[in-house]
Amino acid sequence: MAPDPRGQLPLTAVVLHILLALTDGERHGYAIAQEIEETTAGEIRTGPGTLYGSIQRMLAASLVEETAPRRRAADDDERRRYYRLTAFGKRVLELELQRLSRIVRVARAKRLLHDTVGA
Amino acid sequence: MMARLSMLLRSYRAAMLIYPQSFRARFGDEMAELAAERIARARRSGRVAVGREAAALLIDLVRTAPAEWSYAARAERPAAVHATPRDNMDIVIQDLRFAVRGLLRRPAFTVVAALTLALGIGANTAIFSVVNAILIRPIPYPNGDRMVTIWGVQGTQGQNGVVYADYLEWRAQNRTFEDMGAYRGQSVNLTGGDTPDRVFGMFVDASFLRLVGATPIQGRVFTDAETQIATKAPVAVITAETWQSRFGSDRAIIGRTLVLNGQPHTVVGVTRPHVQTPFGAPDVFLPIPYYPNASGLQRGTRGISALGTLKPGVSFENAQRDLRALAKQQEDAYPATNKGFGVELQSLKDQLVGSSRTPIYIVFGAVFIVLLIACANVANLQLARGAARHRELSVRAALGAGRGRIAQQLLTESLLLSLAGGGAGLALAALGTKYLATILVDSLPLGADIRVDGPALLFAFTVSIVSGVLFGVAPAWKASRTNVQDMLRARTGAAGYGHAATRNTLVVVQLALSLALLSCAGLLTRSLMELQRVRTGFDTKNLMTAQFRLPAVKYDTPDKIWAMFDRAVIEIRAVPGVQSAALVRAFPLSGNGESYPVTIEGRAPVAVGDAPNVQVNSITPQYFSTMGIPRLAGRDFGASDTRTALPVIVVNDELAKKTWPNTSAIGKRIQLTGDDRWWTIVGVVGGTKHFTLSENPLLQAYIPHAQRPQIFTTLAVRTTGDPLLLSKSIREAIWRVDRDQPVWGVRPMDQLLDSAVGAPKLIVRLTVGFATVALLLGAIGIYGVLSYTMSQRIQEVGIRIALGAESRQVVRMVVGEGMRIVGVAIAIGLAGSFAAAQLLRSQLFGVGPADVLTFSIVTVLLGLVAMLACYLPARRASRVDPMVALRAD
């Protein structure tokens with residue numbers, strides 16, 4: 001089956017940020033939450049329920065997948081599960097970002113948005 | 001802290017039960033890990049951050065749970081024909097609409113449940129606003145979290161004042177403090193107006209004003225040079241409040257001269273409003289060298305209070321070690337004055353609020369129990385209603401609503417109800433905080449102000465959500481577990497039976513909690529009664545007191561002071577309505593008083609700190625007869641005990657018996673620290689309570705005012721009638737001696753006694769109030785359950801009556817059933833009472849935490865109220881017309 005990635009759009013803010021956080025490689029849940037908090041300068045703080053609720057739906061929609069259980073280093077926390085982006089997830093992310101940039105372009109054209117120099 | 005964290009995490013784990021099992025099994029561990037990391041990180045920023053994080057986690061939980069239920073429900077029946085709402089929000093809105101409709105359809109239930117919750121949530125929020133104002137909010141100083149009080153230690157006795165000279169060396173030589181400040185509060189005479197006035201003066205150094213953030217709004221505050229002994233400048237800074245009330249915010253105040261304690265001072269500045277010191281809000285600041293007690297700033301005298309701000313990053317222990325090393329050097333350098341002198345630190349916040357912590361937590365605990373009982377009540381109401389709604393739910397289940405879906409719907413209803421209750425509770429809380437603020441106004445540190453603010457709103461919201469979940473989970477759980485076929489097949493009547501066990505358990509919990517709370521309230525009440533029964537050691541009726549302090553500049557020799565005192569007593573005795581009068585330096589229970597270590601002639605010297613500490617008071621002749629303190633041996637002071645005569649002293653029987661157990665104390669001699677003279681004991685009197693009513697018997701001694709005249713003294717006046725009527729004429733009598741002399745603190749003894757039991761009385765008032773509410777809610781609980789059970793069993797009762805049962809037997813049967821539940825509750829409640837009472841131990845006076853009498857009384861009280869609550873439904877059942885009953889349903 002090849003579901004239409006467009007059916008997933010628009011993404012919620014949390015889902016979008018989870019996808020963004022996973023573009024650098026696989027991560028476990030806590031690392032995802034941490035990265036979201038850092039990249040949004042604390043604006044989005046995902047609580048455990050919000051984070052894993054979203055991950056559950058993203059797993060079901062095949063946006064992300066759990067990595068195969070790795071050989072564990074001695075200090076690896078047994079509870080940790082790692083997630084990574086699927087090809088489908090990557091495609092959805094691209095489409096969403098294109099959609100957002102179109103919106104930004106429109107906003108610029110209407111002079112609603114100004115570039116902040118050096119930001 | 002560690003224990004509390006793991007408890008937080010355990011509660012988080014428990015709270016995860018509101019998610020569907022499938023979700024928990026898959027993600028529970030990971031979620032707990034994330035929560036643990038979050039809390040551990042918040043912990044580094046302090047207790048407030050942990051609280052905020054816990055609230056955030058809770059809100060996250062509650063916000064996401066409904067979505068997971070609906071997700072689980074959809075997963076359960078993927079092929080369901082009903083339309084799957086595209087968005088979770090649709091479901092939530094749909095549920096909300098259902099909930100509103102459902103609640104409006106049963107206005108009586110909704111109002112009763114919401115009001116019960118409003119009571120619980122409102123009371124909790126009001127008390128929380130006190131907890132927040134006193135215990136949570138940081139103290140209102142710049143860098144308040146780094147501020148400490150610096151106490152002197154003498155031998156083993158801590159929490160003394162410090163020596164000014166020592167303080168100056170600490171301030172110059174320490175390596176751990178950003179700054180230190182010295183202060184000493186005392187009333188100050190302000191003269192030059194129509195009547196002489198007493199204002200609250202604070203003698204400070206310049207750094208103290210910086211530490212407490214007393215910035216100027218007019219002029220300036222003191223410079224460091226102005227507050228040094230060598231350069232002592234005659235200046236003054238007044239507070240904004242004084243400027244406004246006394247000088248009408250006069251712009252020309254700067255440069256004006258005020259006569260304070262008989263000396264002219266130039267006003268150089270006005271501080272911002274609401275400047276607070278650890279000892280209250282003063283009217284005027286004066287440079288510390290003007291502190292009038294002659295020996296106050298000398299080496300060897302612990303005359304001042306000191307506080308300081310630690311440098312950022314310096315630990316409390318390091319700062320203490322630093323100062324202790326300096327104190328040790330001083331002990332070696334000044335052996336004559338500093339022997340045995342040490343130093344200790346206490347966080348300023350701890351000093352200010354430490355003693356109120358336990359009482360506040362007791363009241364908070366009490367009000368929390370009320371909330372639990374209220375939740376149990378509403379849960380029971382919901383269950384009863386759930387039974388009645390059985391058919392509706394069955395139909396919805398048959399039409400394809402999943403278990404999760406129905407549970408979610410019921411939970412939404414509960415949350416809506418609890419939020420409505422919370423809203424009404426906020427209104428109650430606003431009233432409650434206003435009331436609390438008025439009764440607490442005198443006992444709040446640093447003018448803390450009690451109000452429903454952001455944190456209180458957040459608290460009310462969280463409590464509403466938590467209680468919504470608490471009382472919603474049981475009904476939702478029940479509803480989600482019932483089998484559809486059974487539901488539809490069952491008759492309405494029988495449906496209630498399935499819930500009986502849950503309902504009875506809830507009632508048992510309610511009554512047991514009520515009993516535990518009643519026991520605590522009972523113990524505190526008995527403790528207060530014991531306190532009020534304490535014998536003060538003197539006759540408190542028709543007794544009146546007033547204070548005055550002579551300006552040291554005007555009364556600069558002991559003879560001048562004594563001449564003034566002597567004439568004042570004569571004038572007051574001449575006032576009509578005065579039976580007798582005397583002067584005493586520190587009136588009992590007025591908050592004043594001083595204690596010294598004493599040396600006993602002929603005994604081997606003992607280490608500092610081990611010498612008997614005696615509370616010493618200066619009095620004029622006839623003090624004992626005026627107060628009604630019994631004379632046990634020897635004589636009273638007389639006119640012949642002048643300054644040049646033999647120094648004489650009267651001791652109380654406690655001191656006499658402890659020191660000379662086998663012989664008479666009369667004729668023995670003792671020496672007071674700081675005074676070279678040997679004082680000969682000429683009399684023995686009964687003991688009095690001096691500082692608090694709950695203190696153990698003190699070692700006390702009295703010396704004649706004439707032999708050591710000091711500028712501060714208090715009147716003791718025994719009147720023939722109502723003492724309050726004489727306050728004006730007593731003031732005038734003193735003004736006949738010196739028309740510039742302010743007199744203040746004119747109070748009847750009753751008022752002093754009242755304030756001596758003020759704090760315990762307040763706690764008793766609140767806990768008894770909450771216990772009463774708890775008892776009523778508990779009674780309503782058992783009444784509700786029994787009424788409901790009886791309405792379900794009306795046919796059985798009808799048959800019994802038809803078969804010849806008398807109404808008395810029916811009543812006995814029903815009441816018996818109710819009381820069986822009550823019996824279980826009492827057993828559990830008593831066990832809980834014993835445990836809870838242990839927590840009260842430190843607050844109890846004259847009654848143990850396992851007081852059989854108290855426990856018996858409250859148990860009987862609860863039993864009687866519960867029996868009445870059982871009797872009403874029983875009587876109704878016994879009057880059932882068998883024909884009507886049999887035809888029912």
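These numbers were taken from a predicted model, which means no experiment stands behind them. Values below: every heavy atom of this structure, side chains too, minus hydrogens, waters and symmetry copies. Chain A is the first sequence line, chain B the second, and so forth, proteins listed ahead of strands; every chain is numbered from 1.
Side-chain N or O atoms of B:Asp60 include one that pairs as donor or acceptor with a backbone N or O of A:Thr50 at under 3.5 Å.
Taking 4.5 Å as the limit, some side-chain heavy atom of B:Tyr12 sits within range of a side-chain heavy atom of A:Pro48. Using a 4.5 Å cut-off on side-chain heavy atoms (C-beta onward), A:Tyr52 and B:Leu34 make contact.
Taking CD of B:Glu30 as the start and CD1 of A:Ile55 as the end, the distance is 7.0 Å to the nearest 0.5 Å. Atoms OH and CD, on B:Tyr71 and A:Gln56 in that order, are 4.5 Å from each other to the nearest 0.5 Å.
Interface remark: B:Leu61 contributes no atoms to any contact with chain A (heavy atom separation under 4.5 Å). At a 4.5 Å heavy-atom cutoff, the contact between A:Leu59 and chain B is made by side-chain atoms alone.
Contact detail for B:Arg38 and A:Ala33: the closest heavy-atom pair is NH2-CB, 3.7 Å.
If you tally non-hydrogen atom pairs under 4.5 Å between each of B:Arg63, B:Arg41, B:Met16 and chain A, the highest count goes to B:Arg41. Interface check for chain A: of the options B:Arg26, B:Glu68, B:Glu53, the most heavy-atom pairs under 4.5 Å are formed by B:Arg26.
The salt bridge (charged side-chain N to carboxylate O under 4.0 Å, His left out) pairs that include a residue from residues 13-24 of chain A are A:Asp24-A:Arg27, where partners are two or more places apart or lie in different chains.
By the 6.0 Å contact criterion, OH on A:Tyr30 is enclosed, its count of non-hydrogen atoms from other residues, nucleotides or ligands being greater than 12.
Residues of residues 37-45 of chain A placed with any heavy atom under 4.5 Å of a heavy atom in chain B are listed by number as A:Glu37, A:Arg45.
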